[in-house]
There are 2 protein chains.
Amino acid sequence: MGRPGLNRRDVIAAAADLADELGFDAVTVSVLARHLGVRSPTLYSHISSLTDLRTDVTAYVLHELADATTAAMADRSGRDLLVAYADATRDFARRSPGRYDATTRQRVPAVAGADAPPSLADAIAAGRRNADLALAVTRSYGVAEADETYAVRLMSSLIHGYISLELAGSFAHRDPSAESTWPNVLADLDVALARLANVTGQPKT
Amino acid sequence: MGRPGLNRRDVIAAAADLADELGFDAVTVSVLARHLGVRSPTLYSHISSLTDLRTDVTAYVLHELADATTAAMADRSGRDLLVAYADATRDFARRSPGRYDATTRQRVPAVAGADAPPSLADAIAAGRRNADLALAVTRSYGVAEADETYAVRLMSSLIHGYISLELAGSFAHRDPSAESTWPNVLADLDVALARLANVTGQPKT
DNA sequence: CGAGTTGCCTACAAGATGTAGGAAACCTAG
DNA sequence: CTAGGTTTCCTACATCTTGTAGGCAACTCG
């Protein structure tokens with residue numbers, strides 16, 4: 001069935017690796033082609049444009065993140081679940097900063113337009129997977145349905161904000177280390193979620 | 001003293017406006033030149049490179065943000081100070097999303113290397129101004145010196161995270177609106193800071 | 001072994017950053 | 001009013017980028 005060689009998935013995976021190595025902005029057709037040992041036009045057999053490539057990477061990486069977080073969250077609940085979720089997210093970001101950047105730097109709307117490329121639809125689906133994982137954490141705390149959205153926003157904002165500033169280097173060059181204040185973040189988040197659950201809902205387990 | 005025309009400040013201010021209009025990534029030499037009605041090489045009399053231009057914009061915008069926040073914080077303390085600080089930051093980001101992006105997308109180390117361009121030194125100084133404003137909020141709460149760094153990180157992470165996700169559209173298409181959950185964020189942040197102040201320090205006012 | 005499919009290539013158009021060198025406009029001195 | 005110096009802006013160019021067009025070569029399947 002034709003000549004073997006690169007396929008679409010190889011190209012996207014290589015692009016994700018390139019993002020970690022040189023930064024998400026460095027993911028360009030020409031740089032990626034050089035890394036793969038082919039000429040630039042070759043890649044256009046597998047992707048449709050640079051914009052599309054980046055959206056592909058975002059979708060691919062969002063799925064990787066959801067996989068990692070899902071694995072870490074297995075068989076946990078309450079505070080353990082929160083810590084597993086948050087640690088898995090932060091570990092992913094620190095191990096793969098370029099991949100993590102891809103999850104935030106690429107605009108992913110909640111709903112795709114009619115003429116949206118398949119890569120965007122996939123990114124949206126992958127984004128939903130991650131959102132559902134965050135929801136699972138707040139559900140485990142027993143946050144009432146009316147407060148769920150806020151609880152997810154609070155948790156996501158704090159975790160993403162901390163990771164984002166840590167990766168940007170904002171916490172370097174000042175004691176204590178970013179590593180050692182992270183447990184405090186989790187503790188405060190635990191308190192806030194528990195409070196939210198007690199205000200309007202009934203605590204679970 | 002020579003022919004009048006654009007100066008460095010004009011160019012940087014126009015670049016900041018362009019970032020708000022088209023996004024920080026769209027701030028390029030050629031696009032900026034077209035907007036200013038000159039040819040691309042002209043701009044190289046005022047800036048030294050695209051990278052430098054972007055660092056210039058970051059420094060310029062960080063100063064604008066510090067100015068806005070400082071004005072909003074005048075004659076306030078405690079919870080009022082927190083709300084003024086957080087609202088001013090979020091208002092700035094919503095009114096000028098491209099400018100806000102510039103403050104985060106451009107890597108600004110805490111200390112400049114020996115061969116750092118002047119634009120980077122200025123960005124570092126401007127970054128320090130903003131950090132000092134955050135510190136003023138936690139001081140007003142009476143957070144003990146040992147917990148100051150954590151308090152600033154908690155506050156900055158949550159505020160930046162919320163703004164960042166809101167601007168990315170992560171809070172759209174789901175009720176309640178990003179606008180209406182913001183006060184809850186401020187309330188939870190107030191609780192967390194007050195708790196921090198009571199644990200090891202003495203409350204102020 | 002033949003045919004179809006597929007991947008990669010060269011060649012090219014359009015536009016980006018950045019450099020070199022020169023022309024035009026302005027301010028200040030005389 | 002004129003001459004000199006300064007500064008801005010320009011054209012021309014080298015190099016690299018994205019993206020398109022068309023063709024060649026390699027592999028699979030019948």
Side-chain angles (χ1 to χ4, degrees), chain A residues 1-19 21-60 98 101-102 105-107 115-120, chain B residues 1-19 21-58 98 101-102 105-107 115-120:
Chain A
M1 208 169 337
R3 177 180 177 183
L6 293 173
N7 61 28
R8 183 186 172 83
R9 194 184 176 80
D10 291 336
V11 171
I12 295 169
D17 290 340
L18 189 61
E21 205 177 321
L22 302 174
F24 187 63
D25 288 334
V27 176
T28 63
V29 177
S30 59
V31 172
L32 181 58
R34 271 194 293 278
H35 266 244
L36 287 169
V38 298
R39 303 289 181 160
S40 306
T42 301
L43 295 185
Y44 287 92
S45 315
H46 304 287
I47 61 169
S48 68
S49 70
L50 172 60
T51 303
D52 217 63
L53 168 65
R54 290 194 169 143
T55 305
D56 281 331
V57 171
T58 298
Y60 177 80
D101 261 16
R105 295 271 276 272
Q106 198 74 359
R107 176 90 52 178
D115 57 346
S119 58
L120 188 60
Chain B
M1 191 118 53
R3 179 179 175 180
L6 294 173
N7 61 29
R8 184 185 171 84
R9 194 185 177 82
D10 291 337
V11 171
I12 295 169
D17 289 342
L18 189 61
E21 206 177 321
L22 303 175
F24 187 63
D25 288 334
V27 175
T28 63
V29 176
S30 59
V31 173
L32 182 57
R34 270 196 292 279
H35 267 245
L36 287 168
V38 298
R39 304 289 181 156
S40 306
T42 301
L43 294 186
Y44 286 91
S45 314
H46 304 287
I47 60 169
S48 67
S49 72
L50 172 61
T51 304
D52 217 63
L53 168 65
R54 290 193 168 144
T55 305
D56 279 331
V57 171
T58 298
D101 262 15
R105 294 273 275 273
Q106 199 73 2
R107 176 91 52 178
D115 57 347
S119 59
L120 187 60

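So you know, we letter chains A, B, ... as the sequences are listed, proteins then strands, and number each from 1.
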Revision key, fill the gap. Here the distance between atom C1' of C/dT17 and atom CG of B/L32, to the nearest Å, is 13 Å
Practice item. Could you tell me which non-hydrogen atom of A/A102 sits nearest to which non-hydrogen atom of A/V57, and how far apart they are? Key: CB-CG1, 4.1 Å
Point to revise | Gap between atoms CG and P, on B/L43 and D/dT11 respectively (whole Å) | key: 14 Å
Check your understanding: Within this structure, what is the CG-to-P distance between B/N7 and D/dT7, rounded to whole angstrom?
Key -> 13 Å
**Study point:** Inter-residue atom distance B/T55.OG1 - B/I12.CD1, 0.5 Å rounding
**Key:** 10.0 Å
**Study point:** Nearest-angstrom distance from the residue atom CD1 of A/I47 to P of C/dG7
**Key:** 14 Å
Practice item. State plainly whether the residues B/R105 and B/D25 are in salt-bridge range, i.e. N to O under 4.0 Å. Key: yes
Exercise for review: Rounded to the nearest angstrom, tell me the gap between atom CZ in A/R39 and atom P in C/dC12.
Suggested key: 15 Å
Study note, to complete from the structure: In whole angstroms, the gap separating C1' of C/dA16 from CG of B/L53 amounts to 14 Å
Review item, nucleotides 17-23 of chain D N/O atoms under 3.5 Å of protein N/O:
from: D/dT17; atom 1: OP1; to: A/R34; atom 2: NH2; distance (Å): 3.1
from: D/dT17; atom 1: O5'; to: A/S30; atom 2: OG; distance (Å): 3.3
from: D/dT18; atom 1: OP1; to: A/V29; atom 2: N; distance (Å): 2.9
from: D/dT18; atom 1: OP2; to: A/S30; atom 2: N; distance (Å): 2.8
from: D/dT18; atom 1: OP2; to: A/S30; atom 2: OG; distance (Å): 3.1
from: D/dG19; atom 1: OP2; to: A/Y44; atom 2: OH; distance (Å): 3.0
from: D/dG19; atom 1: OP2; to: A/L50; atom 2: N; distance (Å): 2.6

Review point. Any side-chain N or O of B/H46 under 4.0 Å from OP1/OP2 of D/dC9?
Key: yes
Review point. Atom CG of A/L36 and atom C1' of C/dC8: how far apart are they, to the nearest Å?
Key: 13 Å
Review point. At what distance, to the nearest 0.5 angstrom, does NE2 of B/H35 lie from OG of B/S30?
Key: 10.5 Å
Check your understanding: How long is the span from the CG atom in B/D56 to the OG1 atom in B/T51, to the nearest 0.5 Å?
Key -> 11.0 Å
Study note, to complete from the structure: Between A/L36 and A/A14, the two heavy atoms sitting closest are CD2-CB, 3.7 Å
Review point. Quick one: is B/S45 getting a side-chain N or O under 4.0 Å of the D/dC9 phosphate, OP1 or OP2?
Key: no
